[in-house]
K.L.:
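The structure follows.
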Amino acid sequence: MKRRQMIQLAASSLGLSIAGVPLHVLAQAKPNGVINTIVQPEPPGLMSAIYSNGPTQLVAGNIFEGLVRLTEKLEPVPALAESWLMSDDGLTYTFKLKKGVKWHDGKPFTSADVVFSVDVFVRKTMARARGNLGTVESISAPDAHTVVFKLKHPVGAFLNFFETGSMPMVAKHIYEGAADFLSHPANNKPIGTGPFKFKEWVKGSYIQLTANEDYHVKGVPGVKDVYYHVIPDAASRAAAFESGKVDILPGGSVEFFDVKRLASLPGAAVTTKGWEFFAPHSWLWLNNRRKPFDDVKFRQAIMYAIDREAIAKVAFFGFAKVASGPVNSSVKFYNDKVTPYKRDLNKAKALIKETAYKGETLRLLPMPYGETWMRVAEMIRQNLMQAGVKVEMVSTDVAGWNSRLNDWDFDMSTTYVFQYGDPALGVARNYISSQIAKGSPWNNVEGYSNPKVDELFDLGMKETDAAKRTAIYAEVQKLLVDDVPVAWLHELQMPTIYRTKIENLISSGIGLNDGMGYAKLK
């Protein structure tokens with residue numbers, strides 16, 4: 001094996017920093033103070049290898065860890081793995097694990113935990129990770145601190161598999177032999193290796209984490225306790241920040257119209273950093289199985305009809321950027337050399353006249369995630385009606401919205417999805433024909449099928465040369481933008497509002513989801 005890539009933490013001999021904090025400062029620091037934040041809605045559980053929803057990840061990402069962390073530029077850096085090697089052919093990865101790491105119950109973390117986590121637990125419990133692991137031929141542990149992955153074919157985004165939200169490490173000694181991972185009592189009293197330990201969960205009120213004073217990075221965590229408060233509505237969450245009850249409002253926890261007001265309060269600030277890996281991307285699902293959406297000209301007409309600039313300003317108060325196509329500009333291999341769709345009602349009307357559309361009423365499902373998304377849907381309805389398309393709003397609750405999308409019972413629906421830093425991980429799933437399956441509101445819900453697109457995404461996943469991947473993904477983006485399988489809306493910016501007394505709040509590409517340990521109070 002020739003060294004193709006090696007990252008190694010050499011804190012003892014180099015003047016380095018961790019998450020932007022100098023090591024000599026970290027070494028002197030002790031956990032001090034309390035941070036109060038919000039989790040909404042209340043998570044169904046705290047085992048992030050089972051519940052991959054946002055609320056669970058927000059809390060559990062500070063309890064569990066992956067083999068790597070991702071920087072704001074989405075570069076993998078050491079976490080539980082201190083270094084790794086990739087073979088010349090891209091088929092073998094060897095991870096060297098950090099020594100001296102302990103689970104929160106004091107047991108040592110070893111390669112046996114990695115093999116169990118990846119090859120047993122996650123394969124059974126995480127659909128997204130299970131799909132990624134379909135590329136893995138075998139996993140072995142030659143010794144207590146070495147893990148070897150052999151792949152069926154090269155995977156350009158392989159290292160991104162191992163951040164904590166995508167592949168959390170799970171304690172083998174706790175879960176091995178369990179009859180049912182899904183109902184295990186440890187899921188709500190989790191044992192991880194991260195900077196915080198689970199302390200208490202008062203249902204309907206708060207989740208408390210406390211400092212792991214045996215954490216394997218000296219001087220981390222910087223605070224003693226973190227409380228995640230459960231507050232059911234956006235207005236009350238805003239009031240909790242105004243009153244001083246909470247110090248952090250995570251992205252999405254208050255309505256966009258309230259962000260600038262709250263951020264302008266004394267001692268408050270706002271940042272949109274910490275979402276680089278997720279890259280929230282919104283669009284309008286178009287059910288390609290049904291007329292008139294089976295006609296590319298009608299789909300293109302929708303793109304020309306929607307005033308995306310106005311929606312960004314009016315509904316998102318500027319915290320959104322018009323999307324050029326299927327890939328968010330913060331994701332690797334983004335390409336903006338595609339057909340532009342500036343609003344043009346005349347062009348929209350002309351295209352519609354070339355289709356079989358005869359004035360039928362089409363159903364629009366608003367995403368039931370608060371007032372902002374209702375406003376988005378209302379503006380889309382108004383835009384489409386201006387182009388001569390009759391639209392009926394069909395409002396549902398979250399369960400009903402999921403059910404309709406899962407069963408393909410819709411004409412159009414607003415949505416947003418995460419793109420996970422690489423087209424192979426978070427983009428391909430929405431357009432390749434193998435992902436057309438009932439039961440998920442996040443895969444190829446629109447029913448789009450194009451053999452050339454399938455082929456290009458397959459090539460892009462298997463290629464390890466960055467220049468070749470760039471060319472492949474540039475071609476597939478051009479194809480998709482011309483085909484308009486969905487009507488792309490915006491790259492969403494998720495503003496986090498916080499007290500300026502908190503330093504180093506965002507220290508990775510997943511922000512609060514793994515960064516609370518590195519935050520400090522002035």
Side-chain angles (χ1 to χ4, degrees), residues 53 127 280-308 311 315 323 325-326 341 348 351-352 355-419 426-427 429-450 453 480 483-490 492:
N53 60 76
H281 211 67
S282 73
W283 59 68
L284 188 66
W285 288 122
L286 306 175
N287 196 336
N288 290 206
R289 307 167 189 85
R290 297 183 175 181
K291 292 183 180 303
F293 302 103
D294 59 345
D295 189 328
V296 65
K297 290 182 179 179
F298 190 85
R299 301 196 300 267
Q300 290 171 344
I302 288 177
M303 285 294 289
Y304 284 117
I306 298 174
D307 192 343
R308 297 179 293 163
I311 293 172
Y341 288 95
L351 283 166
I352 289 170
T355 72
Y357 178 69
K358 300 301 180 185
E360 306 93 317
T361 299
L362 305 178
R363 299 173 301 164
L364 170 58
L365 287 173
M367 192 179 198
Y369 279 26
E371 186 177 333
T372 295
W373 288 99
M374 286 301 298
R375 188 174 297 182
V376 170
E378 288 166 358
M379 293 184 72
I380 290 172
R381 176 178 176 272
Q382 182 182 30
N383 290 164
L384 294 181
M385 291 185 72
Q386 289 167 345
V389 179
K390 293 181 181 178
V391 179
E392 174 191 9
M393 298 266 281
V394 182
S395 297
T396 63
D397 58 12
V398 174
W401 180 79
N402 276 275
S403 177
R404 282 179 176 266
L405 290 177
N406 288 346
D407 293 335
W408 305 338
D409 180 18
F410 72 100
D411 294 326
M412 300 177 285
S413 177
T414 48
T415 193
Y416 76 89
V417 301
F418 292 162
Q419 299 207 324
V427 179
R429 61 183 174 145
N430 298 122
Y431 308 104
I432 57 176
S433 56
S434 62
Q435 288 295 308
I436 299 174
K438 286 188 174 181
S440 169
W442 315 116
N443 57 14
N444 187 341
V445 175
E446 76 274 13
Y448 172 76
S449 180
N450 183 328
V453 167
L480 286 171
D483 265 3
V484 194
V486 303
W488 297 284
L489 299 175
H490 302 97
L492 301 180

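The basis for the numbers below is simple: all heavy atoms, side chains too, and nothing from hydrogens, waters or symmetry mates. Nothing here was measured: the structure is a model prediction, and the numbers come from that model.
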K.L.:
Indicate yes or no: at least one non-hydrogen side-chain atom of Pro441 is less than 4.5 angstrom from one of Thr415.
P.N.:
no

K.L.:
Just so I know, are the side chains of Ile306 and Leu384 near enough to count as touching, which here means a heavy-atom distance under 4.5 Å?
P.N.:
yes

K.L.:
Could you tell me how the ring of Phe293 sits relative to the ring of Phe298: parallel (under 30°), tilted (30 to 60°) or perpendicular (over 60°)?
P.N.:
perpendicular

K.L.:
Are the side chain of Thr396 and the backbone of Trp401 linked by a donor-acceptor contact shorter than 3.5 Å?
P.N.:
yes

K.L.:
Is there side-chain contact between Leu286 and Tyr448, with heavy atoms separated by less than 4.5 Å?
P.N.:
no

K.L.:
Answer yes or no: is there a side-chain heavy-atom contact under 4.5 Å between Asn430 and Val486?
P.N.:
no

K.L.:
So, do Tyr341 and Trp488 have ring centers that fall under 6.0 Å from each other?
P.N.:
no

K.L.:
Any side-chain heavy atom of Val391 within less than 4.5 Å of one from Met412?
P.N.:
yes

K.L.:
Any side-chain heavy atom of Asn444 within less than 4.5 Å of one from Pro485?
P.N.:
no

K.L.:
For the pair Asn406 (side chain) and Ser440 (backbone), establish whether a donor and an acceptor sit closer than 3.5 Å, ignoring hydrogens and angles.
P.N.:
yes

K.L.:
Between Thr361 and Lys390 (side chain of the first, backbone of the second, donor and acceptor by atom type, cut-off under 3.5 Å), is there such a pair?
P.N.:
no

K.L.:
Does any part of the side chain of Arg299, heavy atoms only, come nearer than 4.5 Å to the side chain of Asn288, both counted from C-beta?
P.N.:
yes

K.L.:
Under 3.5 Å, side chain of Asp409 to main-chain N/O of Ser403, donor-acceptor pair present?
P.N.:
no

